[in-house]
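Following: one structure in structure tokens, then a few remarks.
For ligands, and for the atoms within them, numbers begin at 1 and follow the listed sequence. Predicted, not measured: the structure shown is a model, and the values here were computed from it.
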Amino acid sequence: MQRFDGRIAVVTGGGSGIGQATVVRLAAEGATVVAVDVEAAGLARTAELAAKEAAGLNEVTTTVGDVTDRDFAPSIVDAVVERHGRLDVLANVAGILRTGITHEASLDDWDRVLSVNLTGTYLCCRAAIPALLDSGGNIVNVSSTSGLAGHPWAAAYSASKGGVLALTRTIAVEYGQQGLRCNAVCPGSIDTPITQDFVFPEGVNTKLVRRMMALDRPRGPETVAAAIAFLASEDAAHVNGEHVRVDGATLS
Ligand code: NAD
């Protein structure tokens, strides 16, 4: 008996990094998983990986879509419930990063980051909550250590991730009495493609962001996937409205 036997999960951002590792982890623990991403090629790789590492246990399907599209999340939830009869877990992992000096950064970047990271997470929660209330399911949102402390040159990103934490706690207290849990993870120093999107503005003092990590080295996305799987599982039945840092302990 595995932790996610008979469970149905939707994972956004499932085509790369932490989302991909989460799809594989949940599938390996028995879940039927629907992986969602804007990148078709990434999703194809996820399906391959899941077939290799979680072969024969379950089903992993993929759907290309944009979490900022207002019609997308309702359509995915409807399709999942129609096909599988239920939805047990929503993992909101999709996210983007743009950097720049706060008062000079582009407003388009601000809008896009808030739109994907915060509004996209909200749209998926909003669409999934009725099905999760029916199943006694739960939500795991991906925030960031930047949502917990100042992070220079990432105002939109930090604001979006702080918003994700506030949304997480709100859902946790609003729906907890009805049996729906909502938690978050706060990754940091995880080796994935998004970290390459951190571009230092020209001429800034990069020492500002030289955070030291207590642990010896950055680690892979599977370390975050393990925390997401814990929060999504019955092992976390009494954990609600919480965030778990997976960052090797950042010393700022
Ligand atoms: P990643 O770039 O490998 O993965 C992000 C995924 O989200 C990509 O597959 C991308 O295509 C997808 N995506 C982007 N916009 C989308 C949209 N509009 N709709 C659907 N999918 C979309 O990076 P990652 O590190 O795996 O990031 C996953 C999450 O973890 C993000 O929310 C990120 O902010 C968060 N995070 C990562 C770190 C880290 O150190 N890597 C630290 C803190 C938080």
Side-chain angles (χ1 to χ4, degrees), residues 10-25 34-47 49 62-73 75-76 90-99 109 111-125 127 139-149 151 154-165 167-168 184-199 209 211 213 215 217-228 231 243-250 252:
V10 169
V11 179
T12 74
S16 177
I18 294 167
Q20 186 171 70
T22 302
V23 172
V24 172
R25 176 70 189 240
V34 179
V36 167
D37 206 291
V38 276
E39 294 291 339
L43 287 173
R45 174 82 187 124
T46 301
L49 274 176
T62 61
T63 303
V64 177
D66 185 333
V67 295
T68 68
D69 173 351
R70 289 183 180 202
D71 298 326
F72 179 65
S75 75
I76 276 288
L90 169 67
N92 283 305
V93 192
I96 58 169
L97 168 68
R98 301 279 185 275
T99 49
D109 278 358
D111 286 344
R112 186 64 190 160
V113 169
L114 268 290
S115 174
V116 175
N117 295 3
L118 181 54
T119 309
T121 297
Y122 170 65
L123 289 171
C124 292
C125 291
I139 298 170
V140 183
N141 291 326
V142 176
S143 176
S144 164
T145 48
S146 71
L148 297 167
H151 202 310
Y157 185 77
S158 302
S160 73
K161 294 300 187 177
V164 166
L165 285 177
L167 174 65
T168 299
V185 290
C186 293
S189 305
I190 303 297
D191 195 7
T192 69
I194 208 173
T195 53
Q196 278 141 39
D197 295 339
F198 199 99
V199 180
V209 85
R211 295 165 170 216
M213 193 176 41
L215 284 183
R217 61 182 168 81
R219 283 185 165 73
E222 69 285 351
T223 56
V224 186
I228 292 172
L231 290 170
H243 67 265
V244 175
R245 291 173 68 139
V246 187
D247 68 336
T250 309
S252 359

Verify side-chain contact (heavy atoms from CB on, under 4.5 Å) between Arg25 and Ile228, making sure each step is shown before the conclusion. CA-CA 9 Å; Arg25 176 70 189 240; Ile228 292 172; over 6 Å; no

Thr121/Val67 under side-chain contact (heavy atoms from CB on, under 4.5 Å): CA gap, chis, key distance, verdict: CA-CA 7 Å; Thr121 297; Val67 295; over 6 Å; no

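Considering backbone and side-chain N/O atoms, Gly188 never comes within less than 3.5 Å of an N/O atom of ligand 1. For a threshold of 3.5 Å applied to N or O pairs, the pair formed by Ser16 and ligand 1 contains at least one separation below that value. For ligand 1, the polar-atom distance check finds no N/O of Thr195 at less than 3.5 Å from any of the ligand's N/O atoms. Looking at Asp66 next to ligand 1, an N or O pair under 3.5 Å apart turns up. Of the N or O atoms in Val36, none lie within a sub-3.5 Å distance of an N or O in ligand 1. Note: no N/O pair closer than 3.5 Å links Ser144 and ligand 1 by distance alone.
Nearest-heavy-atom check against atom 20 (C) of ligand 1 across Gly13, Gly65, Pro193 picks out Gly65. The closest heavy-atom contact to atom 21 (N) of ligand 1, among the options Val38, Thr22, Val224, comes from Val38. With distances taken over non-hydrogen atoms, the option nearest atom 33 (C) of ligand 1 out of Phe198, Tyr157, Phe72 is Tyr157.
Checked by atom type and distance alone, the side chain of Ser143 never pairs as donor or acceptor with a backbone atom of Val185 at under 3.5 Å. Under the 3.5 Å distance criterion, the side-chain polar atoms of Ser158 are left unmatched by any main-chain donor or acceptor of Ala155. Between the side chain of Arg219 and the backbone N or O of Arg217 there is at least one donor-acceptor pair closer than 3.5 Å. When atom types are taken as modelled, the side chain of Thr12 and the backbone of Ala94 share a donor-acceptor pair closer than 3.5 angstrom. Put simply, the side chain of Thr46 never gets that close to the backbone of Gln20: no donor and acceptor are under 3.5 Å apart. A donor-acceptor pair under 3.5 Å is formed between the side chain of Lys161 and the backbone N or O of Val142.
Contacts between Ser189 and ligand 1 below 4.0 angstrom, taking non-hydrogen atoms only, involve the backbone exclusively. Looking at Lys161 against ligand 1, only its side chain comes within 4.0 Å, counting heavy atoms. At a heavy-atom cutoff of 4.0 Å, ligand 1 is contacted by the backbone of Ser143 but not by its side chain. In Asp191, neither the side chain nor the backbone holds a heavy atom less than 4.0 Å from any atom of ligand 1.
Ligand 1 is approached by Arg112 to a heavy-atom distance shorter than 4.0 Å.
Atoms CG and OG1, on Leu43 and Thr63 in that order, are 8.0 Å from each other to the nearest 0.5 Å. The structure places CG of Leu90 at 5.5 Å from SG of Cys125, a figure rounded to the nearest 0.5 Å. Note: Arg112 CZ to Arg98 CZ = 8.0 Å, rounded to the nearest 0.5 Å.
Protein heavy atom closest to atom 28 (C) of ligand 1, with residue, atom name and distance, is Val93 O, 3.4 Å. For atom 23 (O) of ligand 1, the nearest protein heavy atom (residue, atom name, distance) is Ile194 CB, 3.3 Å. Looking only at heavy atoms of the protein, atom 26 (O) of ligand 1 is closest to Ile18 N, 2.7 Å. From the protein, the heavy atom lying nearest to atom 35 (C) of ligand 1 is Val142 CG1, 3.6 Å. Counting only heavy atoms of the protein, atom 5 (C) of ligand 1 lies nearest to Gly95 O, 3.7 Å. Scanning the protein heavy atoms around atom 11 (O) of ligand 1, the nearest turns out to be Asp37 OD1, 2.6 Å. Here the heavy atom of the protein found nearest to atom 42 (C) of ligand 1 is Pro187 O, 3.4 Å. Residue, atom and distance of the protein heavy atom nearest to atom 40 (O) of ligand 1 are Ile190 N, 3.0 Å.
Every atom of ligand 1 is numbered from 1 in the order shown, and the set under 4.0 Å from a heavy atom of Glu39 is 11 (O). The distance from ligand 1 to the heavy atoms of Gly17 drops below 4.0 Å at these ligand atoms: 3 (O), 26 (O). Taking every heavy atom of Ile96 and a limit of under 4.0 angstrom, the matching atoms of ligand 1 come to 14 (C), 15 (N). Atoms of ligand 1 lying under 4.0 Å from at least one heavy atom of Val116, given by number and element, are 15 (N), 18 (N).
For the 3.5 Å distance criterion, the side chains of Ser160 and Asn117 qualify, holding a donor opposite an acceptor. A side-chain donor-acceptor contact under 3.5 Å links Asn141 and Thr168.
Contacts of Asp37 classified as side-chain hydrogen bond (donor to acceptor under 3.5 Å, both in side chains), with partners at least two apart in sequence or in another chain: none. Scored by the side-chain hydrogen bond (donor to acceptor under 3.5 Å, both in side chains) test, Thr22 finds no partners at all (sequence neighbours excluded).
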